[in-house]
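Here the structure is laid out as C-alpha cells; the discussion comes afterwards.
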Amino acid sequence: MNATIQKPLTAEAAANGAPILEMRGISQVFPGVRALDGVSIALYPGQVTALIGENGAGKSTLVKILTGIYRPTEGEILIDGKPVRFATAQGAVDHGVTAIHQETVLFDELTVAENIFLGHAPRGRFGRIDWGQMKARAADLLASLEAPIDPDIRLKDLSIAQRHLVAIARALSIEARIVIMDEPTAALSRKEIDDLFRIVENLKASGKAVLFISHKFDEVYEIAENFVVFRDGRSVGAGRLKETPQDAIVRLMVGRDVKDAFPKIAVTPGAPVLEVKRYTHPTEFRDISFTLHKGEILGVYGLIGAGRSELAQALFGITRPSGGSLALEGRDVTIASPRDAIAAGIVYVPEERGRHGLALPMPIYQNMTLPSLARTSRQGFLRASEEFALARTYAERLDLRAAALSVPVGTLSGGNQQKVVIGKWLATKPKVIILDEPTKGIDIGSKAAVHGFISELAAEGLSIIMISSELPEVLGMADRVMVMKEGLMAGLFDRDGLTPETLVRAATGNA
Amino acid sequence: MARFLKRRETLLFLIIALMVAGFATRAAGFASPDNLGRIFNDTAILIILALAQMVVILTKAIDLSVAANLAFTGMAIAMVNAAFPAVPLPVLVLAAIAIGAALGAINGFLVWRLEIPPIVVTLGTLTIYRGMAFVLSGGAWVNAHQMTPTFLDVPRSVVLGLPVLSWCAIAVVVFIAALLRYSPFGRAAYAAGGNPVAAVYAGINVGRTRYLAFVLSGALAGLSSYLWVSRYAVAYVDIANGFELDSVAACVIGGVAIAGGVGTVVGTVLGALFLGVIKNALPVIGISPFTQMAISGSVIILAVLFNARRERTRGRIILRDRAAAPRSQELAA
Amino acid sequence: MTQTIPDAQAHGSTATRRAIPDRLGTPIARILRRWEVLLFGVAVVIFIANALASPYFLNIWNLSDATFNFTEKALIAFAMALLVISGEIDLSVAAIIALASTAMGAAAQAGFGTAALLAIGLSVGLGCGLVNGLLVSAMKLPSIVVTIGTMSLYRGISYIVLGDKAYGNYPDSFAFFGQGYVLGPISFELMLFAGFAILFAILLHATNFGRQVFVIGNNDFAARFSGIPVERVKFILFLLTGLMSGIAAICLTSRLGSTRPSIAQGWELEVVTMVVLGGVSILGGAGTIGGVVIAAFVMGLVTFGLGLLNVPGIVMSIFIGLLLIVTIALPIVAGRIKAMSRQ
C-alpha cells in the first residue's frame with residue numbers, strides 16, 4: 001500500500017497540469033500530540049479535491065494551517081510552485097485562500113454586510129471604510145446566493161441556516177483562487193445543498209481550486225474530481241474519484257475492512273419510561289412528542305442546528321420549555337434545572353465534552369464523582385477513599401485508559417474523556433441517559449467500545465436517547481429514530497426496514 | 001421610528017433632558033444655554049476619558065489605570081512647565097500625549113504579549129503609576145503661581161462661543177467616532193471584543209488590537225492630564241483619584257457592554273453627560289456633594305441591570321419563523 | 001477500600017484490565033513542585049533580608065506588631081480566594097469596611113455597647129455581601145462591574161453620613177478586637193487569622209462545597225451540566241466575603257479607634273494582590289488557602305521591612321503593584337522559556 005501513498009500526487013500532476021497549491025510533508029506538532037505527520041496534498045485549478053477522513057484524522061488541523069491559524073512545524077506550502085508562509089490569517093487571505101468553516105464563526109453584534117467584509121472591507125479615500133459600497137456588494141453577493149437576507153440586519157437576528165449563507169457569502173467575497181469548504185453542507189437542507197453545488201460548479205468554471213471536506217460519500221462523488229484520504233494525521237491515499245470505488249476509500253479511511261461495527265444487542269423494549277408531549281421552546285423547537293421505553297435506544301437524527309441538542313438540554317433542565325409536558329414512569333414531572341433532572345433520573349452527556357461535560361484541569365476521580373458527591377462524602381466532608389473507589393469502579397467498567405485516577409481529565413484522549421463523562425453519569429444510576437453525538441471526535445477503536453457499551457446499557461434496562469449525525473451509527477444502534485428539521489419533528493421511524501435515504505429525506509426536506 | 005425610540009441613546013437623551021428640566025424647576029437658570037455650556041465644559045475631561053475607556057472595553061478589556069496615568073503625566077508636565085517655562089505649550093501637550101501613550105503601551109504590552117488579564121494588569125499599574133507620581137514629585141504640589149500663563153489660559157480661552165477645553169472634547173468625540181466607524185482598527189476593536197475566536201479567523205490580530213486600544217487610551221489620558229492640571233491649576237499626587245471608575249460608569253450608563261463588542265460613541269458621551277448633569281445639579285438643588293459617590297455607584301448598578309435585561313441571551317434561533325423577517329423589497333432595490 | 005458500590009458489582013465485566021493507580025509519584029515529590037513552596041522560600045528570603053537590613057526587626061514584639069499589617073486584609077483574602085477560584089471577584093470589600101465602620105461609629109456615638117457594635121459590624125458586612133450576591137447570582141450580572149458600582153455606593157453612603165468628619169467615641173472594651181493580646185505577643189487578630197485560615201482551608205479543601213467552588217471556576221458550564229447550583233454557591237461566597245469584610249471592619253475600627261469615610265481606601269487591591277500572590281488563578285479554578293496564608297506573610301514582611309526603612313506608604317504601593325504583576329508574569333515567562341528550550 002505504501003507505494004500508492006506517495007505516487008499518485010506526481011501521477012496526478014501529469015494528468016491535471018500544474019497545481020495552484022501544493023502542501024509537501026506538512027507536520028503539525030502540539031505538546032504531546034502529532035496532529036499531522038508529513039501529509040502532502042495538491043489542489044488543481046478548476047477541480048474539486050475531496051479531503052476524506054474520520055474525526056480526528058487531522059482534517060481541521062490542515063484547514064487551520066491553510067487559513068494561517070497554525071504555522072506548521074515542518075514542511076512547505078507552495079502556491080504556483082513558489083514556497084509561501086502564512087504568518088497570520090490575513091496572510092492566507094492575501095495569498096488567495098479562503099475558507100467556509102464547519103462552525104459559522106461570525107459576529108452577532110455586527111451587520112450582515114460587515115460580517116461578510118470584515119478584514120477586507122472596500123475602502124474609499126484616505127483608506128476609510130466605504131460603507132455604501134460594502135452594503136451594495138453584500139447585497140449583490142447574497143442575491144447571487146439567492147439568499148433573501150437584508151445586509152443591514154444584525155447577525156444575531158438570523159437563523160442558523162441564514163448564518164451559514166452569510167458565512168458562504170463571506171468566503172466568496174474574497175477574490176480567492178483557493179476555496180476551502182469544511183463540511184459546508186452539515187447545516188443545509190437539500191435545496192440549499194443544490195444551490196451550494198451550483199456555486200461550486202461556478203467556482204470550478206472560473207478556474208478556482210476547491211478543497212471540499214465532507215464525510216458524506218454521495219456528496220463527494222457528486223461534486224469532486226480528486227480525493228485525499230487522511231488517517232491518524234497521515235495522508236494514506238490520493239487519486240481520482242472516477243477510478244476509485246467507495247469501499248476502497250472507506251478501507252483507506254478506516255485502515256481495515258469495516259463489517260458489523262455495531263454490536264447492537266437485540267432488546268425488546270419494555271414499559272414506557274419517558275413520555276414527552278408537545279414539548280416546545282420559544283425559539284428553538286416546537287411540538288416534540290415521543291415515548292421512550294425501558295431498554296430502548298431512540299436515535300435522534302437531523303442536520304446540525306436542527307434543534308436536537310436544544311431539545312436534549314431542555315429535557316435536562318438547562319433551558320426551560322414554554323409549553324408541553326413530561327411524564328416519567330407515568331408520573332408528571334417538571335424539570336426546571338439539571339438538579340431536578342438528575343433527581344428524576346434523566347442525565348445528559350453533552351456533545352461538547354470539553355466545554356460542557358468536564359472540568360478538564362481537574363483530576364479524573366473528581367470529575368467522576370461530581371454528581372455523586374452526596375454519596376461519597378459524609379456530612380458534607382469529602383472522603384477521598386470513597387471517591388477513588390467510586391471512580392475506580394466505573395473506570396474499570398468502562399475500560400478507561402489513564403496513568404492514574406488523579407491525573408487531569410484534559411490529558412486523556414477524546415475517547416477516554418467520553419468514558420469519564422459517561423461514567424460520571426452512570427454513577428448516579430439514571431433511568432434515562434441522553435447521549436449527544438457520543439462518538440464525535442473519538443478514534444475508531446474507542447468508537448466500537450463506546451457503541452458496545454451503549455448497547456450493553458440498553459440491554460440492562462437503561463433507556464437511551466442518542467443524538468447522532470452519523471447515519472451508520474443511528475441505523476446501527478437505534479431501535480427507533482426520530483428525525484428533526486428546523487426545530488420540528490420530521491418523522492419517527494422503526495428500525496426495521498429503515499434506510500439511510502428515508503432519514504436524509506426527512507432531515508433535509510427533499511420531497 | 002419605533003426602532004429609533006427603542007434605542008438606548010434616545011432613551012438616555014430623553015432622561016437627561018427630563019433631568020435638566022426637573023432641576024430647572026428647582027433652580028432657575030439651570031437649563032440656560034450658558035449653564036448647559038458650563039456643564040459640558042465641566043464634563044469635557046470625563047467625556048475624553050470615557051471614550052478612551054470605551055475603546056478598551058470594546059476589545060473585551062478594561063483600563064483601570066487611566067486616572068493614575070493622568071495623575072503621573074499631569075505631574076510630569078506641570079513640573080516641566082514650572083522648571084522650564086520657556087518650553088512651548090504644543091511641545092508640552094505632545095509630550096503629555098506621548099508619556100500617556102507610553103504608559104498605555106506598558107499596559108497593552110502586558111495584556112498582549114504576556115496575556116495577563118487586563119483587570120490585573122491595570123489594577124497593578126494603577127498603583128504603580130500613582131506611586132511614580134509621588135516619587136517624581138516627592139509629594140510636593142505644583143501650584144498655579146508656578147505655572148506659566150499660557151499653560152493655564154489656553155483651555156479657558158473662548159473660541160466661537162466655547163472654551164478650548166470644550167472644543168478639545170468635541171474634537172476627540174469626532175476623532176473617535178470616525179476611527180471606530182471608518183478605520184480597520186475601529187472595526188477590529190468591535191470584532192475582537194464581540195467574538196475573539198472568530199476575529200482570528202477573520203484575519204484580525206486580537207492581541208494587537210487590544211494593545212492599540214490601550215495605547216490610544218493612554219494617549220487620551222495624557223491629553224486629559226494637561227487639560228486637568230490646567231483647568232484646576234494644580235498638580236499633586238492624588239488628582240483625579242477614583243476617576244477611572246467614573247469613566248467606566250459613563251461607559252456602562254451609555255450602554256457599552258462590559259463583555260466587549262457593543263457600544264457607541266453617542267451612548268458613551270451621553271453617559272458622561274448624565275454624570276456631569278448630576279454632579280452639577282447637586283450643589284444647585286442643595287444636596288451635599290458627598291452624595292455624588294453614592295449616586296454614581298447606584299447609577300452604575302442600575303445601568304448594568306438595564307444592559308443585562310436588554311442583552312439576555314436568547315440562544316440559537318432555530319425555528320425559521322422566529323428569525324428576523326427579510327425585507328426583500330430593499331434587497332431588490 | 002473495602003466498601004462496595006452495589007450497582008457497579010452487578011455490571012462487573014469479565015475482561016482483565018490493568019489497574020489504574022489512584023495517584024502518581026510520591027507525596028513528597030508532589031509537594032515540592034507546588035507554588036506554595038516557592039512562595040515560602042520567598043518569605044524566608046525576605047525575612048532574612050529584613051533581619052539584616054534592620055536591627056529592630058528580630059524583636060518578638062516588633063514582629064508581633066508587623067502582623068497587624070496583614071491580618072485584617074488576610075481575613076478578607078481567605079473569602080476572596082474562594083470567590084476568585086469560583087471565577088468571580090469582589091472589588092467592594094474595602095468599601096464594605098468603610099460602611100460597616102461608619103455604622104459602628106454611628107452606633108457607638110448613640111451609646112450602644114460593644115456587643116451591639118459587633119452585631120452591627122457583622123450584619124452590615126453580611127448585608128453588603130447579600131446585595132452583591134443578589135446582583136451577581138440572581139440578576140446574573142458581571143461581578144467586576146457590579147462590585148465597582150457597590151464599591152462607590154457603600155463608600156458613598158459613608159461619605160453621606162460622615163462627610164469630612166470622623167467618629168471616635170468607641171467603648172473601651174471594643175479596643176480588644178484590634179489591640180488586644182491573647183497570649184504573650186500573640187494578638188487577638190493573629191488568633192483570628194489563624195483560626196479562619198484553618199476554617200477556610202477546611203471549607204475549600206475538605207468539603208463538597210469547596211469542590212463545587214473549584215468546578216465552577218474551572219468550567220461554569222460543566223458545573224451547571226452536573227447539577228451544581230452554581231448561582232447558590234456564588235451567592236454564598238459573596239455573603240461570606242461580606243461577612244469577612246465586616247469582621248475586618250471590626251478589627252480595623254477597633255485598632256484605629258476612629259472611623260473616617262476614607263478608611264481602608266485601596267484595600268481591595270491589596271486583598272486581590274494577596275490572593276493572586278498566594279497562587280490563586282485570577283481566571284478561576286485553582287488555588288489554596290495555604291498559599292494565601294504565606295502570601296499574607298510575604299506582603300506583611302515587605303511592608304514592615306520597607307516601613308522600618310522609612311519608605312512612605314505610597315511608594316510601598318508601587319512594590320505591591322509590581323509584586324502583583326511580576327508574580328503573575330513570572331510563571332508565564334518561565335513557561336514560555338521552558339517551551340522554547342524544549343523545541
Side-chain angles (χ1 to χ4, degrees), chain B residues 57 62 64-65 68 106-107 110 113-117 119-135 138-139 237-238 241-242 244-246 248-249 251-252 257-259 287-305 307-309 312-313, chain C residues 89 91-92 95 99 131-132 135-136 139-142 144-164 261-262 265-266 268-270 272-273 276 281-283 312-333 336:
Chain B
I57 294 180
I62 193 164
L64 295 180
S65 74
I106 294 174
N107 290 330
L110 291 168
R113 289 301 182 178
L114 296 186
E115 289 164 35
I116 307 178
I119 174 132
V120 180
V121 166
T122 57
L123 266 178
T125 54
L126 136 75
T127 50
I128 294 172
Y129 295 164
R130 211 174 271 284
M132 276 160 47
F134 178 89
V135 174
V237 173
D238 283 330
N241 211 346
E244 64 277 353
L245 297 183
D246 287 8
V248 175
C251 289
V252 173
I258 211 75
I287 294 177
S288 151
F290 287 118
T291 55
Q292 208 211 319
M293 196 176 187
I295 292 177
S296 301
S298 315
V299 171
I300 294 178
I301 296 164
L302 289 175
V304 185
L305 266 172
N307 288 357
R309 276 175 56 98
R312 272 284 170 263
T313 48
Chain C
I89 197 163
L91 296 178
S92 73
L99 188 56
V131 172
N132 287 336
L135 287 168
V136 173
M139 315 300 291
K140 305 208 170 79
L141 302 179
I144 179 155
V145 206
V146 163
T147 56
I148 283 178
T150 53
M151 163 179 164
S152 297
L153 177 63
Y154 299 155
R155 199 179 283 281
I157 296 172
S158 293
Y159 270 104
I160 294 174
V161 174
L162 274 169
D164 45 13
S262 62
Q265 186 99 45
E268 61 280 343
L269 173 67
E270 292 187 49
V272 171
T273 306
V276 173
S281 161
I282 195 74
L283 302 174
I314 185 149
V315 178
M316 280 186 210
S317 72
I318 298 184
F319 284 92
I320 302 292
L322 281 175
L323 206 58
L324 174 66
I325 291 180
V326 170
T327 47
I328 296 181
L330 263 186
I332 297 170
V333 174
R336 293 263 172 89

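All chains are named by letter (A, B, ...) in the order of the sequence lines, taking the proteins before the strands, and each is independently numbered beginning at 1. The structure displayed is predicted, hence computed values, not measured ones.
Residue Ile128(B) holds its CD1 atom at 4.0 Å from CG of Leu322(C), rounded to the nearest 0.5 Å. Taken to the nearest 0.5 Å, the CD1 atom of Ile116(B) stands 8.5 Å off from the CG atom of Leu324(C). Expressed to the nearest 0.5 Å, how far CG of Leu141(C) lies from CG of Asn307(B) amounts to 9.5 Å. In this structure, CD1 on Ile314(C) lies 11.5 Å from CE on Met132(B), to the nearest 0.5 angstrom. Here Ser296(B) contributes atom OG and Ile148(C) contributes atom CD1; the two are 12.5 Å apart, rounded to the nearest 0.5 Å. Expressed to the nearest 0.5 Å, how far CD1 of Ile320(C) lies from CG of Leu123(B) amounts to 13.0 Å.
At a 4.5 Å heavy-atom cutoff, Leu162(C) makes no contact with chain B through either its backbone or its side chain. With a threshold of 4.5 angstrom between heavy atoms, Ile258(B) approaches chain C through side-chain atoms but not through N, CA, C or O. When heavy atoms are compared at a cutoff of 4.5 Å, Val276(C) does not approach chain B at all. The parts of Leu114(B) that come within reach of chain C are both its backbone and its side chain, each placing non-hydrogen atoms under 4.5 angstrom from that chain. For a residue to count as touching a neighbouring chain, one of its non-hydrogen atoms must lie under 4.5 Å from one of that chain's; by this rule Leu283(C) touches chain B with the side chain only. In this structure, the portions of Val120(B) lying under 4.5 Å from any heavy atom of chain C include both its backbone and its side chain. Residue Ser288(B): no heavy atom, backbone or side chain, is found under 4.5 Å from chain C. Looking at Ile300(B), only its side chain comes within 4.5 Å of chain C, counting heavy atoms on both sides. For chain C, the nearby part of Val237(B) is the side chain; its heavy atoms alone come within less than 4.5 Å. Only the side chain of Leu135(C) comes within contact range of chain B, with heavy atoms under 4.5 Å apart. At a 4.5 Å heavy-atom cutoff, Leu302(B) makes no contact with chain C through either its backbone or its side chain. Neither the backbone nor the side chain of Pro261(C) has a heavy atom closer than 4.5 Å to any heavy atom of chain B. Looking at Val252(B), only its side chain comes within 4.5 Å of chain C, counting heavy atoms on both sides.
Annotation: Phe134(B), atom CZ; neighbour count of heavy atoms from other residues, nucleotides and ligands within 6.0 Å is above 12.
Taking each heavy atom of Tyr159(C) and Phe290(B) in turn, the nearest pair found is O-CB, 3.5 Å. Minimum heavy-atom separation, Pro117(B) to Ile282(C): CG-CG2, 3.2 Å. Minimum heavy-atom separation, Ser152(C) to Leu245(B): OG-CD1, 4.2 Å.
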Inset, instruction - Starting from the C-alpha separation in whole Å, work towards a yes-or-no answer on side chain to side chain contact (heavy atoms under 4.5 Å, CB included) for Gln265(C) and Asn241(B). - result: CA-CA 11 Å; Gln265(C) 186 99 45; Asn241(B) 211 346; 5.8 Å; no
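Scored by the salt bridge (Lys or Arg N to Asp or Glu O under 4.0 Å) test, Arg336(C) finds Glu115(B) as partners (sequence neighbours excluded). Glu270(C) meets the salt bridge (Lys or Arg N to Asp or Glu O under 4.0 Å) test with Lys73(C); sequence neighbours excluded.
When each of Asp164(C), Ile89(C), Leu91(C) is checked for heavy-atom pairs under 4.5 Å with chain B, Asp164(C) comes out on top. For chain B, the option among Leu269(C), Val146(C), Thr150(C) with the highest count of heavy-atom pairs below 4.5 Å is Leu269(C).
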